[in-house]
Undergrad: 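Sharing a structure below in structure tokens format, with a few things to ask.
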Protein chains: 2
Amino acid sequence: MASDHTRSAILAAAERLYADRGFGDVTLRDIVAEAGVNLAAVNYHFGSKDELIAELFVTRSVQTNRERLRELKAAEEQGGGRAPIEVILRALVGPTLRGCLGPENQRSTAARFMIRASIESVPPIRRIKNREIDHLRKFAGAMRRALPERCDVDIYWGLNFALAMAHHTIRESERLTKLSEGKCDLDDVEDVVERVVSVATMALTARKTETKAPSRVAAR
Amino acid sequence: MASDHTRSAILAAAERLYADRGFGDVTLRDIVAEAGVNLAAVNYHFGSKDELIAELFVTRSVQTNRERLRELKAAEEQGGGRAPIEVILRALVGPTLRGCLGPENQRSTAARFMIRASIESVPPIRRIKNREIDHLRKFAGAMRRALPERCDVDIYWGLNFALAMAHHTIRESERLTKLSEGKCDLDDVEDVVERVVSVATMALTARKTETKAPSRVAAR
DNA sequence: TTGCAATTCAAACAGTTGTATGAAACTATC
DNA sequence: GATAGTTTCATACAACTGTTTGAATTGCAA
């Protein structure tokens, strides 16, 4: 196998450009110029533009997923097959939040790329995301073991809300900073993690209030 | 004035196509074919493709925002200038959820368009979303009045999490259905609204746990 | 009617895009 | 050092994009 030089130069350049300028306005020609390689090299090494994007995203995804599962497994082994719900949730949202938030100037290219992927969600990426379900099922299983009295529906909703808070906070971090006039410190990642985890934990452990139909505010 | 026929035909066709196929692969030629008008009509009536998209999104946005504020104002007047936090949150997330969830076959074109706008988030739409902050500030104000003992930071985080749960649930409704194997019923919109509202309310009213250490969180 | 502005239309424009080609330059093996 | 396989390169291609043009048509007022 020849040196991966060209191949990895393309990957690095593409990730950097996508992270900085988004998928919308980065062309193959931009990428090869940044990488200092020939235009045809992309199709030679990756087959197509979409496959290049897919490879970038898959690489970063499996990294995050591996980290999540490592935290989860460690916690469950320590607890004899059953981990506290807070720890499970922290394993779920921690790696993503830590990767994508924090001081901007020290945010990695990989993190900025993943933020873009979350915001712009281009077709090849969406296709991959849909295969992420098996991974989430493992967390659903751990959560069910942690809260055996909880019904499945509540487990899934709790999982959904935990991911919602983490991802939305990443996506809209800029807006939250502006809205709060800087009062919400998104650089304090551990604080963000604890906020998300604590709310998600409450959602999953709160006693069910048998809410009847809520009194809707007068319509019309 | 002249009959708006062409103009509104373009708007309707564009909204329908964008809702069905996303922004990525709908061209001006698709739109004018669907609308039965000439290609140049888009630039004549709207100036550019981006301005057409912007007008579509602005129209639907102000509709939702108006509805939100109507619910909020009604609730505050009824409570003498101070509404319960649940009601405020319901006014915040209810209109959006009701517009975008529910049985698919009876989901309006407008709703499906807004879902697309939320998922794909094309540049002209993002520009408009950034101006939505003033609107959110009104809700932050109402929440502060409802929870005067709560610090601003917590208010903003609660607002952020409420929007997170609502928007993420809309964006990923398909995935949640698949993950839960249909157990989470996203057609029961009022149930979804109550779940989001109740979790957001807990997030905003729970007593602060002064744990700053992320390693160990006191259970219960 | 005539005049004038608003609108519609077919056609072309100018640019960009991702991809394909076939020759040239390598690299390693015999 | 000839050979075969891999990789690079300049260039062309074909298709599609949003936009513009300028002439035709329409609608309405005087």
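Chain letters run A, B, ... following the sequence lines, proteins first and then strands; every chain starts at 1. Treat the numbers as computed from the prediction; the structure is a model and nothing was measured.
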Undergrad: Below 4.0 angstrom from OP1 or OP2 of dT6(D), is there any side-chain N or O of H45(A)?
TA: no
Undergrad: Check the distance between dG18(C)'s P and L52(A)'s CG and give it to me in whole angstrom.
TA: 11 Å
Undergrad: Is there a donor-acceptor contact under 3.5 Å from the side chain of R107(A) to the main chain of G102(A)?
TA: yes
Undergrad: To the nearest Å, how far apart are N43(B) CG and dT8(C) P?
TA: 14 Å
Undergrad: Pair V42(A), K49(A) - check side-chain contact (heavy atoms from CB on, under 4.5 Å), show working.
TA: CA-CA 7 Å; V42(A) 172; K49(A) 186 193 188 185; 5.5 Å; no
Undergrad: Quick check on DNA chain C: between T27(A) and N38(A), whose nearest nucleotide comes earlier from the 5' end?
TA: T27(A)
Undergrad: Considering only heavy atoms from C-beta outward, does the side chain of L56(B) approach that of L11(B) to under 4.5 Å?
TA: yes
Undergrad: Can you measure Y44(B) atom OH to dT8(C) atom C1' for me and round it to whole angstrom units?
TA: 9 Å
Undergrad: Remember a base hit wins even if backbone is also touched, and classify A40(B) as base, sugar-phosphate or nothing at under 4.0 Å, heavy atoms.
TA: base
Undergrad: Would you find more than 12 non-hydrogen atoms of other residues, nucleotides or ligands less than 6.0 Å from E174(B) atom CD?
TA: no
Undergrad: Using atom types as modelled and distance alone, determine if a side-chain donor or acceptor of R68(A) lies under 3.5 Å from a backbone N or O of A91(A).
TA: no
Undergrad: Would you mind reading off the distance between H5(B) atom NE2 and dT8(C) atom C1', rounded to a whole angstrom?
TA: 12 Å
Undergrad: Think T6(A) has a side-chain N or O under 4.0 angstrom from the OP1 or OP2 of dT8(D)?
TA: yes
Undergrad: When the distance from CZ of F23(A) to P of dT17(C) is rounded to whole Å, what number comes out?
TA: 16 Å
Undergrad: In whole angstrom, give the distance that lies between atom CG of D50(B) and atom C1' of dT17(D).
TA: 13 Å
Undergrad: Heavy atoms from C-beta onward define the side chain here; which of dT19(D), dG18(C), dA6(C) lies closest to that of R29(A)?
TA: dG18(C)
Undergrad: Heavy atoms from C-beta onward define the side chain here; which of dT19(C), dT8(D), dG18(D) lies closest to that of K49(A)?
TA: dT19(C)
Undergrad: Could you tell me the separation between the CG atom of L39(B) and the P atom of dT7(C), rounded to a whole number of Å?
TA: 18 Å
Undergrad: Using atom CD1 of I53(A) as one end and atom C1' of dG18(C) as the other, report the distance to the nearest whole Å.
TA: 11 Å
